[in-house]
Every structure is written in structure tokens, then in C-alpha cells.
Amino acid sequence: MDVRRRPPKQPSHYHQTSTSDPNLHPPKASDALPLPLYLTNGIFFTLFFSVAYYLLHRWRDKIRSSTPLHVVTLSELAAILSLIASFIYLLGFFGIDFVQSFISRASHDAWDMEDEVESRFIIEEDRRSPAAIGSSISAPVSRFMDPPAPLPSQEEEDLVKSVVSGEIPSYSLESRLGDCYRAASIRREAVQRLTGRSLDGLPLDGFDYQSILGQCCEMPIGYVQIPVGIAGPLLLNGCEYSVPMATTEGCLVASTNRGCKAIYASGGATSILYKDGMSRAPVVKFETATRASQLLFYLEEPANFDALAMVFNKSSRFARLQKIQPTPAGRNLYIRFTCETGDAMGMNMVSKGVQNVLEYLQVEFPDMEVVGISGNFCCDKKPAAVNWLNGRGKSVICEATITGEVIEKVLKTSILALVELNTIKNLTGSAIAGALGGFNAHAANIVSAIFIATGQDPAQNIESSHCITMMEATNDGKDLHVSVTMPCIEVGTVGGGTQLASQSACLNLLGVKGACRESPASNARLLAAIVAGSVLAGELSLMSAIASGQLVKSHMKYNRSSRDMSTVTS
């Protein structure tokens with residue numbers, strides 16, 4: 001580093017407190033007073049109250065003796081002038097303290113700005129210097145850490161204290177302040193004080209908190225950083241897609257990328273969407289099972305479906321009721337509604353339609369009691385046979401034929417080994433485990449990574465990862481036919497987290513951002529197909545790694561950090 005860029009450091013005694021050198025301290029307003037501040041304050045306080053008492057006493061005597069108040073003696077005139085002078089000083093007393101703190105703060109800000117400019121100049125010069133390239137490798141980790149947060153202003157300090165004491169509810173900060181970033185900052189500081197734990201590693205800056213207000217997250221204090229990798233190109237239905245995957249699991253993106261390479265080299269994959277419908281199943285109750293069965297028969301009557309569909313479809317211009325599936329349990333009746341939802345994932349849309357139908361049915365069945373808008377027969381965010389059999393969201397099959405040459409050169413295994421492993425592991429092994437929709441190697445890995453990257457509901461990974469992987473030898477054993485059947489991919493390209501900047505960018509990368517005006521639901525269906533195609537690639541690669549005995553070796557190489565984390569946390 002060129003030492004001429006930084007002036008030599010002053011000796012340590014330069015920063016020690018000294019009253020002999022006025023240049024070492026910022027000026028104070030109180031320095032202009034002839035006496036110490038505390039003594040001056042005491043004199044004027046005493047003068048003010050003494051003179052005020054004297055004048056009040058004199059005016060009382062004048063009132064009793066009927067003497068005009070405007071007639072004053074020389075001593076009374078001096079007292080009035082003293083009262084005015086002491087009042088002016090006391091009024092300015094608080095101003096002196098304010099000016100003193102203001103000047104001190106301004107001086108410190110000027111020094112900090114000077115240091116920051118100097119540091120930036122040095123860093124820029126270091127980047128240009130060839131010698132700095134080698135020295136930067138051994139630079140301390142603290143150089144790359146975020147600078148310490150500035151101290152809160154007095155107003156923010158008061159707000160933090162009010163939140164800590166419970167005087168101001170944390171959830172009301174956004175509405176009180178009208179500034180979502182400031183609310184998150186104050187809430188964050190309050191949490192640190194309440195818990196006694198630091199949040200230094202959780203970023204606060206660089207995020208649009210206004211974009212999540214009222215729709216994505218309540219009471220934010222920061223955001224979590226998840227790296228996004230790219231797998232592909234995935235050749236699906238004749239088109240290429242670069243698939244964004246947000247994950248912290250090493251090998252996942254690399255493995256999926258290898259599967260995409262194998263599919264591409266074999267001519268690509270094909271997907272088929274065979275069902276599309278989101279479901280919601282309220283539960284209602286009657287006095288008797290007989291009465292509940294009467295509603296069941298009413299719902300199963302084809303003549304009544306059109307009227308109910310008309311009521312349901314009023315909830316949205318995209319909602320289209322497809323079927324109603326009533327299932328009794330004693331005097332309770334579970335009614336599973338399924339409908340199209342356009343490019344939205346559709347949970348809110350179908351819930352509004354169900355609410356309209358329930359209000360309509362209560363006119364026909366006034367004794368019907370609505371126990372809940374959801375009776376778990378939907379079934380949302382839980383593994384369920386009804387989803388595995390009937391589907392929920394987008395039901396997709398994706399298939400590809402991988403040549404024997406690609407399996408040997410790219411996947412480093414054989415067709416026979418893959419077919420045998422799939423049968424014993426994914427089919428038989430999952431059956432022994434009592435798996436429900438889990439007849440695959442790791443579909444949830446790929447589904448979760450794409451869901452997080454594109455703003456889907458991560459909890460719906462549970463049913464969206466329902467998948468059965470099939471592998472069979474074809475063309476007289478020369479090629480491998482592989483397929484994944486996924487009946488419950490619950491995705492959307494509008495609403496929820498899809499409108500956030502990062503997630504919207506990932507959707508844009510896939511060409512499915514927002515709603516498709518020309519053909520409603522096309523974007524969401526294409527996204528489901530890409531998810532299934534990516535799962536196909538991930539299944540193909542992982543199964544090959546297991547069959548060739550390379551799984552542990554690859555994880556030890558790519559899923560273990562050699563970085564000394566003790567130096568990072570210190």
C-alpha cells in the first residue's frame with residue numbers, strides 16, 4: 001500500500017483529554033459565561049423566585065391600601081427589571097444546553113464524515129494497486145462487515161423505550177410513524193433490548209418494507225439472505241429455461257444442473273398438465289345426521305350445481321367452480337369445493353367463493369351451522385391421501401428418454417443400476433416406510449428451492465412435493481424412460497410473495513412474471529411444468545449419484561466449508 005495516501009498517525013496522547021489545547025474540543029455555548037454553568041444557573045434561579053416573591057408581596061400591599069399598581073418605586077422598578085432579566089436567562093437555559101449538544105453532535109458528524117471519505121479514498125486506491133490484490137486475501141474479516149448502526153435520535157430512543165415498556169404496541173409502529181423502514185428499525189432495537197441478544201448479522205438496510213405491509217409479513221425487523229443459484233438450461237417442451245433455486249444446501253443446484261445437462265443432451269423433456277384446480281373444504285353441522293345427509297343429496301344433484309357455480313363465480317372474474325365433493329361424518333358434512341383460479345395460487349379466491357355459497361345455502365338450510373371455512377378436507381399444508389388421489393393445484397407429469405450414452409458419460413452409471421435402485425428405493429422402500437406421496441428421492445429439495453426463489457408459499461411444499469418417480473428401460477434396454485408424476489403443485493405468478501422485487505425478478509427470468517392477459521392461467525401452469533421438469537432433473541442426478549456410489553464423496557466436496565468460521569464470528 002502506498003503510505004503517502006494516509007498521513008502519519010498521531011501519538012496516542014494526542015487523543016487524550018486536555019484543557020490546554022482548544023483545538024482538541026468543540027466549542028460550547030456555556031464557555032461564554034463568566035462563571036461555571038451550575039453556579040450561574042443557581043444565581044438566576046434564586047434571583048427569579050426572590051424577585052417574584054417580593055413583587056407579589058408589594059402588589060398585595062398596594063391592593064389593600066388602594067394604591068395604583070402603576071405607581072412604582074425605584075426598588076420595585078429594579079425588581080421588575082431583575083425579574084425580566086432572570087426570566088430571559090432561564091428561558092434560554094434549556095437553549096444553551098441544546099446548542100451545546102447540537103454543536104458537539106455536528107462536530108462529531110463532521111469528523112466521522114472526514115474519516116469515511118478518507119477510508120473510501122484509501123480503499124479505492126487499494127483496489128487500483130496491484131500489490132493490494134495479494135494483501136487483501138489476508139485482510140481481517142471485520143473489514144467486510146457492516147459498519148455499526150448509528151445511535152438513535154432522541155425521538156427514536158423515546159419510541160424504543162415506549163415499545164420496550166409496552167406503552168406502544170410493536171405492531172402499531174407502521175401506522176403511527178407512516179414509515180415502514182423506521183418502524184422496522186425501532187422494533188429491531190426494542191427486540192434487542194428485550195431479549196438481550198444482538199441482531200447484528202440480520203440485515204436491515206436494502207429492503208423495501210413498504211412492499212410487504214399488509215400482505216407478506218407483519219412486524220418485520222430485517223430480512224434473511226438466501227443465495228440463489230441457476231440450474232440449466234432445462235430443455236422442456238422445446239424451450240430452454242434457466243431455473244432459479246434459492247437454497248443453502250450445497251450440491252443441490254449442481255446436481256439439478258447435471259440432470260438438466262443429461263435431459264438436454266437427450267433431446268429434452270415433455271410435460272403434461274392433466275388437472276388444474278384449487279380446493280377449499282368447509283365443515284358444517286346439523287342437529288341430526290339425517291339433516292346433514294339431506295344437504296349432501298342437495299349438493300350431489302346436478303340440477304343444483306349450476307346455481308351454486310353462479311354464486312361461487314361471482315367472487316372473481318377468474319374463479320370457475322369445477323366440482324363439489326361432500327363427505328359426511330356423523331352429523332357433520334365436509335364439502336370440498338374445487339375451482340380454477342387463473343394465474344393466482346388461489347387460496348383466497350376459492351375461500352371467497354366458498355363463503356358466498358355458504359351464505360346461499362343457509363337460506364335453503366337455515367339450521368345449518370358453519371363450524372369453519374376450512375375443515376382440513378382441503379387439504380392445505382398437510383400430507384393427505386385426498387390430494388394424492390384427487391390432486392390440488394396443478395397436476396403435472398413430466399417425462400424424458402435418456403440415452404444410454406448420456407447415462408454413462410454424464411451421469412456415470414448404467415440403465416440397469418438406475419432401474420433397480422428406483423424400484424428398491426423409491427417404490428419398495430417408500431412403501432415399507434408408509435410414505436404418502438413420497439415415492440421419490442428428493443422432490444422436496446427442488447420444489448422448496450424454486451418456491452422460495454419465486455415467491456411461493458414455502459409451507460405448501462408439503463403437498464406440492466407429492467411425487468412418484470418411475471424409471472424403466474426402453475428401446476431394448478438401450479435407453480431409459482424416466483418420469484415424475486406430481487398431482488399437487490400449488491403455484492401462482494400473482495399475489496403474495498411474487499410481487500416482491502427479488503422474487504419477481506426470478507419469475508421474470510423464467511418468463512412467467514405476473515398474469516397472462518392473452519391466456520389466463522398460462523403463466524402459473526408453465527411455472528408448474530418448470531417445477532416438475534426441474535424435479536425430473538434432480539431425481540435423475542441424485543439417483544445416478546447413489547447408484548454410482550458418488551453421493552457421499554460429492555457432499556464432502558461441495559457441501560462442507562473449509563472456511564475457519566471462528567474468525568468470522570470473532
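Judged by distance alone, the side chain of Ser165 and the main-chain N or O of Ser162 form a donor-acceptor pair under 3.5 Å. Judged purely by atom type and a 3.5 angstrom limit, Arg525 has no side-chain atom pairing as donor or acceptor with the backbone of Leu273. Tyr209 places no side-chain N or O within 3.5 Å of a backbone atom of Arg182 that could act as its donor or acceptor partner.
Heavy-atom neighbours of Tyr171 OH from other residues, nucleotides or ligands within 6.0 Å: at or below the threshold of 12. Remark: Gln362 CD is packed, more than 12 non-hydrogen atoms of other residues, nucleotides or ligands lying under 6.0 Å away. Within a 6.0 Å radius of NZ in Lys314, other residues, nucleotides and ligands contribute 12 heavy atoms or fewer. Within a 6.0 Å radius of CD in Glu420, other residues, nucleotides and ligands contribute 12 heavy atoms or fewer. Other residues, nucleotides and ligands contribute only 12 or fewer heavy atoms inside 6.0 Å of the CG atom of Asn348. Counting heavy atoms of neighbouring residues, nucleotides and ligands inside a 6.0 Å radius, atom CD of Glu218 does not exceed 12 of them.
Ring-plane geometry between Phe286 and Phe365 is classed as perpendicular, the angle between the planes exceeding 60 degrees on a 0 to 90 degree scale with a lower cut at 30.
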For this session: Would you sort out whether Thr288 and Arg331 count as a side chain to side chain contact (heavy atoms under 4.5 Å, CB included), showing the intermediate values?
Result: CA-CA 5 Å; Thr288 63; Arg331 58 178 185 159; 5.7 Å; no
For this session: Applying side chain to side chain contact (heavy atoms under 4.5 Å, CB included), run through Met368 and Val370 and close with a yes or a no.
Result: CA-CA 7 Å; Met368 180 184 75; Val370 179; 4.2 Å; yes
For this session: Start with the C-alpha distance between Arg187 and Val163, add both sets of side-chain angles, then the distance that settles side chain to side chain contact (heavy atoms under 4.5 Å, CB included), and finish with yes or no.
Result: CA-CA 7 Å; Arg187 182 182 296 113; Val163 173; 5.8 Å; no
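Rounding to the nearest 0.5 angstrom, the gap separating the CD atom in Glu174 from the CD atom in Gln210 is 9.0 Å. Taking CG of Asp457 as the start and OG1 of Thr498 as the end, the distance is 12.0 Å to the nearest 0.5 Å. Taking SG from Cys506 and CG from Leu527, the interatomic distance works out to 11.0 Å, rounded to the nearest 0.5 Å. In this structure, NZ on Lys261 lies 14.5 Å from OG1 on Thr256, to the nearest 0.5 angstrom. Put simply, CG on Leu236 and OG on Ser271 are 4.5 Å apart, with the number rounded to the nearest 0.5 Å. Interatomic distance, Lys352 NZ to Phe312 CZ, rounded to the nearest 0.5 Å: 10.5 Å.
Using a 4.5 Å cut-off on side-chain heavy atoms (C-beta onward), Arg392 and Cys378 make contact. In this structure the side chain of Tyr274 reaches within 4.5 angstrom of the side chain of Ile397, judged on heavy atoms. A 4.5 Å side-chain heavy-atom check between Val491 and Met345 finds every atom pair outside the cut-off. By the 4.5 Å heavy-atom criterion applied to side chains, Met543 and Lys425 are counted as neighbours. Looking only at side-chain heavy atoms (C-beta outward), Leu252 and Ile446 come within less than 4.5 Å of each other. No side-chain heavy atom of Leu507 sits less than 4.5 Å from a side-chain heavy atom of Gln503. Under the 4.5 Å side-chain criterion, counting only non-hydrogen atoms from C-beta, Phe318 is not in contact with Asp343. Residues Thr469 and Val535 have side chains not in contact (no heavy-atom distance under 4.5 Å, counting atoms from C-beta outward).
Across Pro282 and Val354, no two heavy atoms sit closer than the pair CG-CG1, 3.6 Å. The shortest heavy-atom contact between Ala528 and Val396 is CB-CG2, 4.1 Å. Shown here for Ser465 and Val447, the closest heavy-atom pair between the two residues is OG-CB, 3.6 Å. Nearest heavy atom pair, residue Pro326 against residue Leu333, reads CB-CD1, 4.2 Å. A pairwise comparison of heavy atoms in Thr247 and Ala449 identifies CB-CB, 4.3 Å as the closest pair. Heavy atoms only, all atoms of each residue included: His442 and Gly538 are closest at NE2-O, 3.0 Å.
The closest side-chain donor-acceptor pair between Glu240 and Tyr264 falls under 3.5 angstrom. Counting only N and O atoms by type, the side chains of Asp205 and Tyr181 include a donor and acceptor under 3.5 Å apart. Judged purely by distance below 3.5 Å, without hydrogens or angles, the side chains of Glu189 and Gln192 pair a donor atom with an acceptor atom. Between the side chains of Asp479 and Thr401, no donor-acceptor pair of N or O atoms lies under 3.5 Å.
Classification of Arg193 and Glu157 as a salt-bridged pair holds, one side-chain N sitting under 4.0 Å from a carboxylate O. Using a 4.0 Å cut-off between a side-chain N of Lys or Arg and a carboxylate O of Asp or Glu, Lys381 and Glu490 do not qualify as a salt bridge.
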